[in-house]
Amino acid sequence: LLILTLQRRGEICGMRRGELMGDFSLLKLPPERTKNGEAHDVPLLPRARALLKSLPRFDSEYVFPARGKLERPFSGYSPGKRALDALCPIDAWTLHDLRRTGATGLGNLGVAPHIIERILNHSSESFDGVSGLYNRAKYLPQMREALALWAAHVKRVVKAHPPEKTLIVPRKRRRPPLTSTMATTVYCSLAVPSPDTHNSWPTDSDCSKMISKSSLRLRRKPRRRLAG
C-alpha cells in the first residue's frame, strides 16, 4: 500500500475504517492526520482496493491495529523492515524512500509536477503565492490517472523481477506465564550449593513445600539458599 499510494507510513498504518469512502475507492485523510495539517484525498486503484478487502477485519477502528492492542494503530515497523532488508539487494534505504522513488517514477512517466505534488500532499512552490491562493483544484481525476500509470509500472516491474522466496516476517515468541510449579522447578534446578558451604540440594520435600506457597512469594528472588 505504501508503494501504490505513495503516502507516508503513519498515514497508511494509522488508517481508520471511517476514512475509507464508498467501495474503498477513496481515502480521506483529515487535517490532524497529515504532516502539513491539510485534509488530503487519496484515490485508491483496483490493486490497492483488493489489498484492503483481503485484510482480516478486527474489532477496531483501525485497518491495521497494533498486535494485542486494538485501540492503537500498528507501529512495529522494525521487524518487517528487517525482513525486507534480508531479501532486498539495496542497502541503506528507508520506507520514506518509497515516496521519493514514486515521485521520480511518476516524473519519468510524464506526470506533471503539480499532480505529483498533489499526490504526495506537499506544500511546495507549485501552490505558493498567487497560484496557491487562486487555484483550489483538487485534481482528483488527474491524480487517479497518474496513480493508475504508477500501478501499471509497478506491476511490470514485479512481473519482470519475481521474488525468489516468500517474505515471512518473524514473530516474537511469547514466554508462557510463570506458575508456582514452574517457579519452584526452576529454582530447585538452579539452587546449586556453594562449594565452601555444607548446603545440599533441595529435597523433594522442600520443593513440595514451596509449591504450596503463594506464587507471588515464589516469584521473588530468594534471599538465601535452601538448607537440606
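Residues take their numbers from the sequence shown, with the count starting at 1. Quick caveat, the model's predicted, so the values are computed rather than measured.
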Task: side-chain hydrogen bond (donor to acceptor under 3.5 Å, both in side chains) contacts touching residues 74-91 (sequence neighbours left out) - done: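 The answer is K81-D85, D85-W93.
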TODO: Scan for side-chain hydrogen bond (donor to acceptor under 3.5 Å, both in side chains) pairs involving residues 147-160, sequence neighbours excluded, and state none if there are none.
DONE: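 Qualifying pairs, neighbours excluded: none.
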Between side-chain atoms of residues 18-29 and protein atoms elsewhere (two or more places apart, or another chain), which donor-acceptor pairs fall under 3.5 Å?
from	atom 1	to	atom 2	distance (Å)
E19	OE1	R16	N	3.2
E19	OE1	R33	NH2	2.8
E19	OE2	R33	NE	2.9
D23	OD1	K53	NZ	3.0
D23	OD2	K53	NZ	3.0
K28	NZ	D41	OD1	3.1
K28	NZ	D41	OD2	3.2

TODO: Using side-chain contact (heavy atoms from CB on, under 4.5 Å) as the criterion, list what pairs up with A151, not counting sequence neighbours.
DONE: L4
- [ ] Could you list the residues that satisfy side-chain contact (heavy atoms from CB on, under 4.5 Å) with A66, not counting sequence neighbours?
- [x]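 A66: side-chain contact (heavy atoms from CB on, under 4.5 Å) contacts with K69, R72.
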Would you please name every residue forming a side-chain hydrogen bond (donor to acceptor under 3.5 Å, both in side chains) with [X], sequence neighbours left out?
| X | value |
| --- | --- |
| R100 | D97 |
| R47 | none |
| S60 | none |

List the atom of [X], the atom of [Y], and the distance in Å for their closest heavy-atom pair.
| X | Y | result |
| --- | --- | --- |
| P79 | G76 | CD-O, 3.5 Å |
| I115 | A146 | CG2-CB, 4.1 Å |
| P73 | C13 | CB-O, 3.9 Å |
| L6 | L98 | CD2-O, 3.7 Å |

Open item on the list: Can you list everything that forms a salt bridge (charged side-chain N to carboxylate O under 4.0 Å, His left out) with R99? Sequence neighbours excluded, please.
Closed with: none
Task: salt bridge (charged side-chain N to carboxylate O under 4.0 Å, His left out) involving R17 - partner list, sequence neighbours excluded - done: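 Not a single residue meets the salt bridge (charged side-chain N to carboxylate O under 4.0 Å, His left out) criterion with R17.
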- [ ] Any chance you could pull the hydrophobic cluster mates of V157, using side-chain heavy atoms under 4.5 angstrom and chaining through other members?
- [x] none
Pairwise side-chain contact, [X] with [Y], heavy-atom cut-off 4.5 Å (strictly under):
| X | Y | value |
| --- | --- | --- |
| K35 | R8 | yes |
| I119 | V42 | no |
| L44 | L147 | no |
| E38 | P31 | no |
| R118 | L140 | no |

How far does [atom1] of [X] sit from [atom2] of [Y], to the nearest 0.5 angstrom?
| X | Y | atom1 | atom2 | value |
| --- | --- | --- | --- | --- |
| N36 | L120 | CG | CG | 11.0 Å |
| M143 | L45 | CE | CG | 10.5 Å |
| F74 | R9 | CZ | CZ | 9.0 Å |

Open item on the list: Show every ring pair (Phe, Tyr, Trp, His ring centres under 6.0 Å) that has at least one partner inside residues 34-72, sequence neighbours left out.
Closed with: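 Counting only pairs at least two positions apart or across chains, no ring pair (Phe, Tyr, Trp, His ring centres under 6.0 Å) contact touches residues 34-72.
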TODO: Group every Ile, Leu, Val, Met, Phe, Trp and Tyr by side-chain heavy-atom contacts under 4.5 Å, then state whether I3 and I90 land in the same group.
DONE: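 I3 clusters together with I90.
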- [ ] Report yes or no: do L51 and V63 belong to one cluster of Ile/Leu/Val/Met/Phe/Trp/Tyr joined by side chain heavy-atom distances under 4.5 Å?
- [x] yes
TODO: Apply the test side-chain contact (heavy atoms from CB on, under 4.5 Å) to residues M15 and L52: give CA-CA distance (whole Å), side-chain angles for both, the deciding distance (0.1 Å), then the verdict.
DONE: CA-CA 11 Å; M15 188 190 309; L52 288 170; 4.0 Å; yes
